[in-house]
Amino acid sequence: MEQLFINIASGIRSGLASAGLPGGANDFILLFLKLGGILVYILVSALWLVYMERKVSAYMQCRVGPNRVGPCGLLQTIADIGKLISKEIIIPRCADKKLFLLGPILIFMPPLAVFAVAPFGKGMVALDLNIGVYYFLAVASLSTVIIWMSGWASNSKYSLIGGMRVVAQMVSYEMPLILSILGVIILAGTLNMSEIIEAQQKVWFIFLQPLGFLIYLIAGVAETNRTPFDLVEGESEIISGPFTEYSGMGFAMFFLAEYANVVLVSVMATTLFLGGWLAPFGLTFIPSWIWFLIKVYIMIFLFMWFRWTYPRIRVDQLMEFGWKVLVPLSIANIFLTGIGTYLYQVMGW
């Protein structure tokens, strides 16, 4: 089980080689298949998380949740997708049609590109880049541009205001998120995702960087536009923000992309702070990729827990908390980490 996916990749590579394909074409086809598998994982995860969130919220609020369509309501999300597919996509008369239709298509591109460097298990990474963390931060931020483009192209004041909030919120909270990761980079001494996990063999970085993890968690909630930081879609103020004019599968793509980003932030938290695929308590008989997924879904549950526990805050509170609280704390965390690392090296521990 540990080598399941690695053996599958090796079998495909051997089959392509035996077919007489050159090495470059072999590698390209294998990379294409890996990215296809990652896309399937993102879509399946998004569908499952819609159901999971409904069940979690129902449990926390003493409600029933989906329980009619399929066993335990498992097919409810599939039924909703069928409903959305059958709905007409209405384009506002004065909207920029090309950009309006392009937004829901492009919104899945940044998560797909970032998942390519995510180590799902030992030796299970599509692209093992030496600058994996830098690549993650650079590509993930492109979602801001796509959502802003969609809000502007809708030619609606509600969509435009929602798009402006996206830019303000996500750019503001990218600062503490990036700064919280720097402490991990200082300890690991590398930007390679796999090497960061290997550096946690003795102790996970969540125990060495508790403040950094807390800042990353809060900033991650804000980056995914979820409660209590869902000002982008403040229904009582701007309806559904930049997605107000979208209907049918256009709206569904943005809805599912939110869950894809939740998975992405959880994957990065697992990699940077929770030891990635490393097994706790010496339970190495369980495959590394299973441990990785367990940790990821624990993080996702925390995101859902926050959503159904805390109320939405005001816009001014959102911005003040990011710039006046999280940024100074993250800078202090870097300073303390640097001092601690220096003392560790000087003392020879």
Side-chain angles (χ1 to χ4, degrees), residues 5 9 12 24-25 27-49 99 101-121 123-150 163 166-167 170-171 173-174 177-178 181 184-185 190-197 216 219-220 222-226 242-243 249-250 252-272 276-277 289 292-293 296 299-300 303:
F5 295 101
I12 294 174
D27 293 338
F28 178 79
I29 293 174
L30 190 60
L31 177 61
F32 182 78
L33 293 175
K34 288 179 180 178
L35 294 178
I38 291 173
L39 179 59
V40 171
Y41 169 74
I42 293 173
L43 294 175
V44 172
S45 295
L47 292 175
W48 162 252
L49 291 180
L99 294 181
L101 295 175
L102 199 59
I105 299 173
L106 293 180
I107 196 64
F108 267 101
M109 296 304 173
L112 176 61
V114 174
F115 271 114
V117 299
F120 290 94
M124 292 174 52
V125 55
L127 292 172
D128 197 14
L129 299 180
N130 290 329
I131 55 170
V133 176
Y134 180 80
Y135 175 85
F136 157 73
L137 296 172
V139 176
S141 61
L142 295 177
S143 297
T144 307
V145 180
I146 297 171
I147 297 176
W148 161 246
M149 177 191 76
S150 303
V166 168
V167 175
M170 297 183 74
V171 169
Y173 278 82
E174 276 177 7
L177 186 141
I178 293 171
I181 294 175
V184 171
I185 296 173
T190 179
L191 292 172
N192 184 283
M193 309 274 272
S194 299
E195 292 178 5
I196 289 175
I197 294 176
Y216 176 89
E223 285 291 295
T224 53
N225 303 320
R226 292 176 63 86
F243 320 126
M249 281 305 295
M253 294 293 282
F254 285 107
F255 185 69
L256 293 178
E258 177 183 310
Y259 286 99
N261 288 323
V262 170
V263 176
L264 176 60
V265 172
S266 301
V267 164
M268 292 303 300
T270 300
T271 301
L272 298 173
W277 67 71
W289 55 273
F292 190 86
L293 291 178
V296 167
M299 286 298 305
I300 292 172
F303 279 90

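Numbers here simply count residues along the sequence, with the first being 1.
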Legend entry - Beyond-backbone contact of F303 with L49, side-chain heavy atoms, under 4.5 angstrom: no
Inset, instruction - Enumerate the residue pairs fulfilling side-chain hydrogen bond (donor to acceptor under 3.5 Å, both in side chains) with a member in residues 127-140, sequence neighbours excluded, ordered by first and then second residue. - result: D128-N192, D128-S194
Legend entry - Student check: side-chain heavy atoms of L142 and M109 closer than 4.5 Å: no
Legend entry - Identified side-chain contact (heavy atoms from CB on, under 4.5 Å) counterpart of V44 within the set I42, V40, L47: V40
Legend entry - Value rounded to 0.5 Å, distance of CG in L191 from CD1 in I131: 8.0 Å
Inset, instruction - Could you tell me whether the side chain of V139 reaches within less than 4.5 Å of the side chain of V117, counting heavy atoms only? - result: no
Legend entry - N/O donor-acceptor pair under 3.5 Å between Y259 side chain and W48 backbone: no
Legend entry - Closest non-hydrogen atom pair, A138 against S141: O-OG, 2.7 Å
Legend entry - Contact check, side chains of P242 and F254, non-hydrogen atoms, under 4.5 Å: no
Inset, instruction - Compare every heavy atom of G276 with every heavy atom of I197, then report the nearest pair and how far apart it is. - result: CD1-CA, 3.8 Å
Legend entry - Spatial distance of atom CE (M170) from atom CD1 (I147) [nearest 0.5 Å]: 5.0 Å
Inset, instruction - Measure across M299 and A269 and return the closest heavy-atom pair with its distance rounded to 0.1 Å. - result: CE-CB, 3.8 Å
Inset, instruction - State, with a plain yes or no, whether a side-chain heavy atom of L177 is found less than 4.5 Å away from one of Y216. - result: yes
Inset, instruction - Quick one: closest heavy-atom pair of T271 and M193, and the distance? - result: CG2-O, 4.0 Å
Inset, instruction - Measure across E195 and T190 and return the closest heavy-atom pair with its distance rounded to 0.1 Å. - result: OE1-OG1, 2.8 Å
Inset, instruction - Could you tell me whether the side chain of V296 reaches within less than 4.5 Å of the side chain of F120, counting heavy atoms only? - result: no
Inset, instruction - Rounded to the nearest 0.5 Å, what's the gap from OG1 on T270 to CZ on F292? Could you check? - result: 5.5 Å
Legend entry - Gap separating the CD1 atom of I105 from the OG atom of S150, nearest 0.5 angstrom: 10.5 Å
Legend entry - Straight-line distance of I181 CD1 to L272 CG, nearest 0.5 Å: 5.5 Å
Legend entry - N261 side chain reached by E223 side chain, heavy atoms, under 4.5 Å: no
Inset, instruction - Output the distance between atom CG (L264) and atom CG (L112), rounded to the nearest 0.5 Å. - result: 11.0 Å
Inset, instruction - Could you list the residues that satisfy side chain to side chain donor-acceptor pair (under 3.5 Å) with Y173, not counting sequence neighbours? - result: none
